[in-house]
Amino acid sequence: MRALLEVRDLDVLLGDYQVLWGARLAVAPGEIVALLGPNGAGKSTLLNTVSGLLRPRAGAITLDGAPITGLPAHRIVGRGVGHVLERRRLFPYLTVRQNVWLGAYHPGARAGREAQFERVARLFPVVTARGAQLAHTLSGGEQQMVALARGLMARPRLLMIDEPFLGLAPRVVAELAEAIRAINREGVTILFIEQNVELALSLAGRGYVLESGRSVLDGTAEALRRSPGVRRIFLGG
Amino acid sequence: MEIVNFAHGEFLMLAMYVAFFAWALGHLDPLLALPLAVLALAALGWATYHGLIRWVLGGPMLAQIFATFGLAVFLRAGAQFLWGVDFRVVQDPWLGGRVALGPVFVGLPQLAASVAALVAFLGLWRFLARSETGVALQATAQDRQAAALMGVDTDRMYALGWALGAGCVGAAGALLAMYFYVFPDVGGTFALLAYVTVALGGFGNVPATLAAGVVVGLVEVFAGLLLAPAIKYAVVFLLYLAIVLWRPQGLFGRW
Ligand SMILES: Nc1ncnc2c1ncn2[C@@H]1O[C@H](COP(=O)(O)OP(=O)(O)OP(=O)(O)O)[C@@H](O)[C@H]1O
Ligand SMILES: [Mg+2]
């Protein structure tokens with residue numbers, strides 16, 4: 001297997017505090033992979049380092065074999081990595097349409113903008129139904145859909161999503177999970193964070209578990225479900 | 001971009017000196033010196049971002065405040081050192097005297113300044129709302145990390161924001177030099193009024209700032225006329241205090 005994304009021995013500090021200790025993971029093209037771990041384990045820190053918002057102190061990040069470690073965030077998007085941040089982080093005082101349009105800001109995505117906009121609007125009709133509304137006036141579920149639509153506008157090969165289901169009603173969770181599957185079927189590789197093990201493994205084919213900044217477990221969804229380690233970490237059993 | 005430039009008044013002072021020296025040394029009318037002042041100040045804004053602001057942005061709030069405050073003290077003292085404390089005046093600018101607008105007499109330079117402010121406002125507003133770069137600038141101000149993930153070089157946007165802001169001050173300074181003395185402390189009162197206006201309208205809200213500017217201007221004039229010229233600023237600041245206590249987010253809030 002040639003990995004699309006590979007993270008090796010990543011050490012990351014926030015201020016003086018070391019969050020990640022030799023974290024690692026690998027994602028193959030076409031996969032849906034879950035990143036699991038309790039609160040404060042360093043999951044968001046790991047994704048933020050991959051997308052270039054943070055710089056690691058040590059370790060290597062490669063995309064399709066090419067190193068992207070330490071590149072600034074606005075250059076990494078151009079390499080085909082999309083990142084939907086924890087809590088959606090739409091631009092609150094821009095319209096929904098402006099938000100989504102900005103998703104294709106980088107030079108590589110400008111050309112096919114109209115066509116891509118139509119494609120994401122078919123997947124997430126809220127983008128056109130609420131196009132003229134300011135983003136902060138949307139409901140949480142609608143915001144998450146707009147955030148995904150915005151992330152897709154850059155036509156990423158890999159889309160990283162930080163806690164897409166946070167605070168959503170069960171019906172919206174199911175709808176969103178179906179949308180993520182649809183995105184994946186169109187050829188986008190998915191790496192997402194989720195705290196709920198059952199939910200995460202119903203969507204993902206494989207998963208990685210972070211605990212206190214270390215990669216402690218990984219395996220297929222099936223294997224992780226039965227793993228005593230997962231039970232210990234998440235249920236304290 | 002939640003950072004306030006406490007050297008705003010000193011930028012204005014420098015722009016006025018640009019216009020004054022263009023007149024004194026180069027025999028250029030302030031109207032002709034205006035583009036020069038805009039460019040000079042835009043360059044200063046850009047340099048201020050790269051040389052100073054950038055290094056304190058991640059730091060504590062106090063460091064950010066003291067950085068631009070320190071710059072203000074430095075620029076003021078530098079101007080005193082280089083050019084002395086004398087009041088300088090641009091004599092016989094092209095635009096002078098008054099015109100009658102119906103029953104009201106308005107100074108011609110002041111009228112020109114208002115028109116220019118309106119044009120600058122419309123230009124800025126259009127740029128921010130319509131152009132790709134303008135929207136990216138707004139996005140950067142609203143969420144820097146999210147903007148970076150869209151492919152926006154946020155460092156450049158910050159520098160652009162500082163250049164744009166200072167460039168507008170450049171235009172204001174050149175126009176002001178047509179009818180106001182130039183001296184190292186000239187920026188103080190104007191900057192204070194500018195902060196009051198911006199806070200009154202709501203930080204980051206461009207059209208509200210225009211409306212608040214008109215309110216402040218009218219209050220100032222009527223307080224001077226009906227009460228006493230000596231206390232007109234006191235009335236403006238009282239109004240400001242009252243409104244900020246009642247609506248801390250400004251009259252119109254954000255956008
Ligand atoms: N700016 C910061 N300075 C110091 N420590 C921080 C900072 N931001 C986060 N941390 C700490 O880093 C650790 C990892 O944070 P991170 O957000 O990556 O965790 P997470 O696994 O995403 O958690 P959650 O599930 O709650 O989102 C936490 O212990 C957090 O308290
Ligand atoms: Mg997190």
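So that the names make sense, note that chain A is the first sequence line, chain B the second, and so on, each numbered from 1.
A salt bridge links A:D64 with A:R157: the closest approach of a Lys/Arg side-chain nitrogen to an acidic carboxylate oxygen falls below 4.0 angstrom.
Ranked by heavy-atom pairs under 4.5 Å with chain A, the list B:V135, B:V152, B:D155 is led by B:V152. Per-residue heavy-atom pair counts under 4.5 Å with chain B were compared for A:P92, A:A109, A:P107, A:G151, and the maximum is reached by A:P92. Taking A:V81, A:V77, A:I76 one by one and counting their heavy-atom pairs under 4.5 Å with chain B, the maximum is reached by A:V77.
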Practice item. Kindly indicate, with the supporting measurements, whether the criterion side-chain contact (heavy atoms from CB on, under 4.5 Å) is fulfilled by B:W162 and B:W46. Key: CA-CA 6 Å; B:W162 277 82; B:W46 186 87; over 6 Å; no
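For A:R79, no part sits under 4.5 Å from any heavy atom of chain B, backbone or side chain. In this structure, chain A has a heavy atom under 4.5 Å from the backbone of B:A129, while its side chain stays farther away. Interface residue A:L85: only side-chain heavy atoms are found under 4.5 Å from chain B.
A:Y93 and A:H136 have tilted rings, their planes meeting at an angle from 30° to 60° on a 0 to 90° scale. Between B:F6 and B:F69, the angle of the ring planes goes over 60°, which puts this pair in the perpendicular group of the 30/60° scheme.
Applying the 6.0 Å contact sphere to CZ of A:R113 captures more than 12 heavy atoms from other residues, nucleotides or ligands.
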